Structures are given as C-alpha cells and as structure tokens.
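Taking it in order: structure first as structure tokens, then the write-up.
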Amino acid sequence: EELVAKSKAPVKREYLRPPPSAPLLKDKKSKRQIKRERREEQKSPLHLCPVVAKSRKVSACSYGDKCRFSHDVEAFKAVKPADIEGSCPFCPYGLACRFAGTHRGKSSELNFFSKDTQKLLWKNKMKFPKAEATLKLLGLDARPLKKAKDKSLKLHPREKKLIDFRDKLYLAPLTTVGNLPFRRVCKVLGADVTCGEMAMCTNLLQGQAAEWALLRRHSSENLFGVQICGAFPDTITKTVELIEQECSVDFIDINMGCPIDVVVNKGAGSALLTKPMRMKSVVEAASSTVSTPVTIKVRTAYFEGKNRIDSLIADMGSWGATAVTIHGRSRQQRYSKPADWDYVYQCARKAPKSLQVLGNGDVFSYVDWNNHKIECPELSTCMIARGALVKPWIFTEIKEQRHWDITSGERLDILKDYARFGLQHWGSDSKGVDTTRHFLLEWLSYTCRYIPVGLLDIIPQKINWRSPSYYGRDELETLMASDSAADWVRISELVLGKVPSGYSFAPKHKSNAYDRAENG
C-alpha cells in the first residue's frame with residue numbers, strides 16, 4: 001500500500017531484481033553522415049529495381065540505365081538476406097520478397113489514394129462545390145456574398161448517417177503506433193471501433209501520399225473513422241468533402257485536443273479550445289458539408305484550472321457534432337497527474353440527449369471501465385488509448401470481465417500476428433521488413449511497461465505505476481519486461497529474423513515522452 005501511494009508497482013518480493021546498469025551512449029551521427037550513408041546504400045545491389053524484381057526481366061524497367069535502383073539480378077541474389085520462415089501472405093515483390101513460400105492472396109485494404117486526385121491537388125485544380133457552398137451559406141467564405149443565405153443547403157439531421165458508440169470498445173487514434181497492423185491486432189483482441197492516426201488537413205489538401213496513407217482501412221475494421229486536424233473552417237470543410245468522396249469511412253473525427261507544440265502553434269489541436277467561436281464554425285461547416293457523421297475530440301481546457309467544455313457542451317449537438325470525446329486533462333497538463341473523470345461526468349450530464357459523450361484517460365483494466373460506466377450512465381462509452389498500447393488484450397479483459405494473466409508465449413503470438421499484418425501492409429521485401437521492425441520496436445517501447453498479473457501483490461495494475469526491475473516467470477517474460485532497446489531488438493528477431501550488423505534503434509517517444517506529448 002505504501003508503494004501504491006507513491007505510484008510504484010507492488011511487485012512480489014521474490015521477483016524483484018537489481019536494476020541493470022545503464023548502457024554506454026553512442027556518438028550520434030550527423031545529418032551529413034546519415035545522408036552520405038543513405039546515398040551509398042541506394043547504390044548497393046540490395047536495392048534492386050522493384051520493376052525488375054517483380055518481372056524478373058531487366059528490360060521491363062522503362063528508365064533503363066537512368067534508373068536509380070540496381071538492375072544486377074545476380075549481384076542482388078548474392079547479397080540478399082536469408083529468407084524469413086513461413087510463406088508470403090500477400091506480395092507483389094517477386095525476387096525481392098523475404099519469404100521462400102509461394103505468393104498468394106489479395107490485399108484486404110481500402111482507401112487507396114487515387115493518382116488522378118493527387119495530380120488535381122498538386123495543380124490546385126480540385127473542385128470543392130459542397131464545401132464552398134457551405135462556407136458561403138455560413139458566411140465563412142473570404143469572398144463577399146452576392147446572394148442572401150440559402151438555408152435549404154444545410155443538411156437536415158435525418159439526412160445524416162447514424163452511428164451508435166454506446167458500450168462499444170473504442171481504440172483511440174494513436175500517433176505512430178496506432179497504425180493499420182496495430183489496429184488489426186486490437187480488432188482480433190476485441191476492439192469494436194477503430195480510428196486512423198491523426199492526419200493534418202493541409203497535408204491532405206496538398207496531396208501528400210504519406211498523409212493519405214494514414215486514412216487506409218482494413219476490411220476487418222467494420223466500424224472505422226479517420227481523425228483530421230486543422231485550424232480553419234475552410235481547410236477542414238474541404239478536407240471532409242474530399243475524404244467522403246475518396247474514402248470509405250463511418251465517421252470523421254476532428255481533433256481539438258492535440259497538445260503538441262508544432263500543431264498548437266498553427267492554431268490547430270488544443271489551440272481551438274481558446275477560440276470557441278472558431279470551434280463552432282469548424283464543426284458547423286464540416287457537418288453541413290457531408291452526410292458522414294462528424295465527431296470531435298477535446299481536452300478539458302487549454303490552461304489548467306480553466307475548464308470550459310462544460311459551458312460549450314450544451315451547444316455542441318446543435319453545431320452538428322454526432323459525438324464528443326473528452327480527455328480528462330488540460331493541454332497544459334499534457335499527461336501529468338490522473339485524468340479528471342469527475343469533470344468528464346459533469347460534462348456528460350450537461351450534454352443534450354442527441355450528443356453522445358465519450359470519456360478518455362487512464363483506462364487500464366475492466367475495473368476502470370466498469371467504474372466509469374457505473375459512476376456516469378450518461379457516458380456512451382470510454383475511449384482506450386495508452387492502455388491498449390501497453391496491453392492490447394485489455395479489450396478481451398473488458399468483454400470477458402477478467403484480469404488475464406497472459407503468458408509470455410501468448411504475448412509472443414500477438415507480436416507474430418503484428419509482424420504478419422505489418423508485412424502485408426508495408427511489404428515483404430527488405431524495406432517492408434525494416435519498416436515492420438521499426439514500428440514493432442516503437443510498440444515494444446510501450447509493452448515493456450506491462451507487469452504480469454501473477455507478479456503483482458495488488459491488482460489491477462494502474463497506468464501511472466512505475467515498475468521496478470523484476471524477473472519474469474520464464475526467460476521470455478523477463479526479456480519482455482526490459483526497457484532496453486537492445487532487448488526489444490532481440491524480441492523483434494524472434495518474429496522477423498536477424499537484424500543487419502550494426503543495427504540500432506532509438507524510440508520516437510524516448511522514455512516517458514509519450515506521457516509528455518503526442519496523442520490528443
């Protein structure tokens with residue numbers, strides 16, 4: 001109890017171990033050195049031309065000698081890394097594939113970005129008739145109005161598609177780690193609702209392929225939304241029209257809670273919390289433009305101690321929002337201190353019946369889930385974010401109402417599923433394997449925070465507990481508890497084969513950086 005009071009995990013004494021010595025820090029490479037190494041790597045025979053790899057014919061490449069990739073098939077075969085065990089689930093990579101098995105199957109993904117649309121966006125020739133009509137109607141168009149406002153343009157509420165979040169297990173949109181393979185893992189483990197990673201409206205309107213890739217959807221995601229972030233009604237309205245036209249989505253979520261400086265400094269994310277009239281304009285314009293339900297995600301306030309959502313929530317339904325998710329922290333608070341669920345309950349009770357209210361913050365067990373639902377029946381559901389990163393089987397625990405003392409072997413099976421899904425998504429050539437490994441390692445930087453149920457004196461584990469160094473019940477469980485990047489690489493080798501010599505990894509969210517910033 002003393003340990004819990006200090007937010008320290010009460011691990012049973014027989015499993016405790018001395019903390020490992022800190023590894024020596026390596027000299028960081030300069031940008032010039034990295035660029036030089038990348039150029040040299042491109043000239044390597046390992047970088048076989050994708051067209052040649054697929055067709056097995058050098059003459060198939062239209063660029064000929066000007067191609068930036070290698071056309072030397074024999075040299076590639078001589079240096080190609082060893083095949084990974086298993087058969088290729090889906091692959092157009094031919095010779096470059098890292099699997100010895102036969103190629104089979106078709107992609108089960110949706111929302112591929114059209115090249116024609118991308119060219120129109122690049123040339124600034126894309127038309128947005130619905131968005132422009134709505135902006136004129138609401139007086140948000142920069143050009144002077146020639147006609148009186150025509151209210152007939154506004155969508156009647158019954159013309160909106162219906163979506164019901166009540167009691168559904170909702171995986172929050174998560175930057176970097178909440179990619180399509182991770183969402184597939186969560187679907188297998190019981191998640192009902194999934195949402196893509198946050199995409200910036202300006203990047204989508206510029207036709208950036210990497211940003212549009214964030215809207216990709218797997219066929220198993222039967223209730224799927226995308227999350228967008230923008231600062232102004234015109235960019236957001238054009239973006240929602242484009243998404244409805246180009247993608248298959250069940251709802252569009254507008255992020256008004258992201259605390260990252262680079263987003264806030266542009267007037268987006270939680271910066272909108274300081275401008276309630278802008279919030280209203282954004283939601284009204286977006287919801288009036290599309291028939292797809294529009295939801296919003298907010299924090300309690302921008303500044304700590306100056307909560308304002310309770311004063312706005314009564315009107316949010318009339319703005320056109322189908323649902324609002326309230327993260328029980330302010331922007332200033334980031335991820336420090338526990339989420340303020342009492343305030344979330346207060347807002348849910350003030351909301352009109354037409355507006356679904358979802359709570360978010362620190363849900364890490366079925367007990368947390370049950371308590372929030374009992375304390376506030378007005379809540380439609382709870383969104384699960386960091387809890388799913390640390391233990392994606394939280395969805396199974398909630399559905400089966402139990403604390404799952406999952407074994408290290410069962411956890412390894414989940415990682416194998418992720419690797420398989422990653423190779424289907426990013427490709428099974430060397431580049432696809434490297435990308436899958438990178439994102440697997442990013443995820444392992446969170447899963448190491450999980451403490452097995454059987455090792456705790458008090459259950460369930462709380463998300464803010466700091467874990468001591470401990471031995472697991474077997475060698476693999478001990479390895480999975482390590483916070484060393486070198487050990488995460490060892491785990492990745494169990495599912496993706498050996499890493500190249502000299503391989504190293506540094507997580508994007510070093511240590512507790514995830515708690516300090518990223519996801520709104």
Side-chain angles (χ1 to χ4, degrees), residues 62-63 66 68 109-147 149-150 153-155 173 175 195-217 225-249 251-256 258 260-269 271-272 275 277-296 320 520:
S62 59
Y63 293 101
K66 295 180 180 179
R68 61 192 176 96
E109 295 182 14
L110 309 169
N111 298 350
F112 287 92
F113 188 35
S114 159
K115 286 287 184 185
D116 292 337
T117 302
Q118 186 178 42
K119 287 175 184 175
L120 288 172
L121 290 170
W122 283 348
K123 295 175 181 177
N124 204 22
K125 291 183 178 180
M126 194 74 194
K127 302 294 183 185
F128 300 95
K130 291 182 182 177
E132 287 167 4
T134 302
L135 292 168
K136 269 189 179 182
L137 169 69
L138 297 174
L140 299 171
D141 193 12
R143 292 166 293 182
L145 294 175
K146 294 181 180 179
K147 297 180 181 179
K149 291 181 181 179
D150 179 9
L153 283 172
K154 192 167 183 179
L155 276 171
T175 303
C195 188
E197 299 171 68
M198 184 182 77
M200 298 301 295
C201 290
T202 48
N203 295 344
L204 293 172
L205 293 174
Q206 288 168 7
Q208 294 184 18
E211 206 75 12
W212 277 91
L214 301 178
L215 312 186
R216 200 80 61 77
R217 172 185 192 171
V226 295
Q227 188 182 69
I228 58 173
C229 188
F232 301 101
D234 58 339
T235 54
I236 291 175
T237 306
K238 289 176 181 178
T239 302
V240 297
E241 179 178 354
L242 194 57
I243 289 172
E244 186 172 72
Q245 176 183 311
E246 296 291 319
C247 301
S248 165
V249 298
F251 62 94
I252 300 172
D253 188 63
I254 301 174
N255 187 308
M256 298 184 178
C258 181
I260 308 174
D261 292 340
V262 71
V263 172
V264 171
N265 292 343
K266 293 176 182 177
L272 288 169
K275 300 175 181 178
M277 292 310 294
R278 174 91 58 85
M279 288 176 70
K280 178 184 177 183
S281 299
V282 162
V283 178
E284 274 190 339
S287 65
S288 299
T289 301
V290 292
S291 60
T292 304
V294 171
T295 64
I296 54 178

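In this text the structure is predicted, and so the values were computed from the model without any measurement. Just the heavy atoms: all of them, side chains too, but no hydrogens, waters or symmetry mates, feed the values below. Numbering of residues begins at 1 and proceeds along the displayed sequence.
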Going from [atom1] on [X] to [atom2] on [Y], what distance comes out if it is rounded to the nearest 0.5 angstrom?
| X | Y | atom1 | atom2 | answer |
| --- | --- | --- | --- | --- |
| Thr175 | Met198 | OG1 | CE | 5.0 Å |
| Cys247 | Leu110 | SG | CG | 9.5 Å |
| Lys127 | Glu132 | NZ | CD | 7.5 Å |
| Asn124 | Leu205 | CG | CG | 9.5 Å |
| Leu215 | Ile252 | CG | CD1 | 9.5 Å |

Smallest separation among heavy atoms of [X] and [Y], with atom names:
| X | Y | result |
| --- | --- | --- |
| Thr237 | Ala285 | OG1-CB, 3.1 Å |
| Gly269 | Cys229 | N-SG, 3.5 Å |
| Leu272 | Ala231 | CD2-O, 3.8 Å |
| Glu241 | Ala131 | OE1-N, 2.7 Å |
| Ile236 | Ala286 | CG2-CB, 4.2 Å |
| Pro233 | Leu140 | CB-CD1, 3.9 Å |

Side chain of [X], backbone of [Y]: donor and acceptor closer than 3.5 Å?
| X | Y | result |
| --- | --- | --- |
| Gln227 | Cys195 | no |
| Asn111 | Ser248 | yes |
| Glu244 | Thr292 | yes |
| Trp212 | Phe112 | no |

Sole residue of [options] in side chain to side chain contact (heavy atoms under 4.5 Å, CB included) with [X]:
| X | options | result |
| --- | --- | --- |
| Val226 | Val240, Leu204, Val249, Leu214 | Val249 |
| Glu211 | Gln206, Met200, Glu197 | Met200 |
| Ile228 | Val294, Ile243, Asn255, Asp253 | Ile243 |

List the steps and the verdict of side-chain contact (heavy atoms from CB on, under 4.5 Å) for Leu120 and Asp116. CA-CA 6 Å; Leu120 288 172; Asp116 292 337; 5.7 Å; no
Heavy-atom side-chain proximity of [X] to [Y] below 4.5 angstrom:
| X | Y | answer |
| --- | --- | --- |
| Arg278 | Phe232 | yes |
| Thr202 | Lys266 | no |
| Glu246 | Ser114 | yes |

Check the pair Val290, Lys130 against side-chain contact (heavy atoms from CB on, under 4.5 Å), reporting the backbone distance first and the verdict last. CA-CA 8 Å; Val290 292; Lys130 291 182 182 177; 5.9 Å; no
Is it the case that more than 12 heavy atoms not belonging to Asp261 sit under 6.0 Å from its CG atom? yes
Between Ser288 and Thr134, do the side chains contain an N or O donor and an N or O acceptor separated by less than 3.5 Å?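 Their side chains do not contain a donor-acceptor pair, so the 3.5 Å distance test is not met.
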Would Ile296 and Val282 count as a side-chain contact (heavy atoms from CB on, under 4.5 Å) here? Give the steps. CA-CA 10 Å; Ile296 54 178; Val282 162; over 6 Å; no
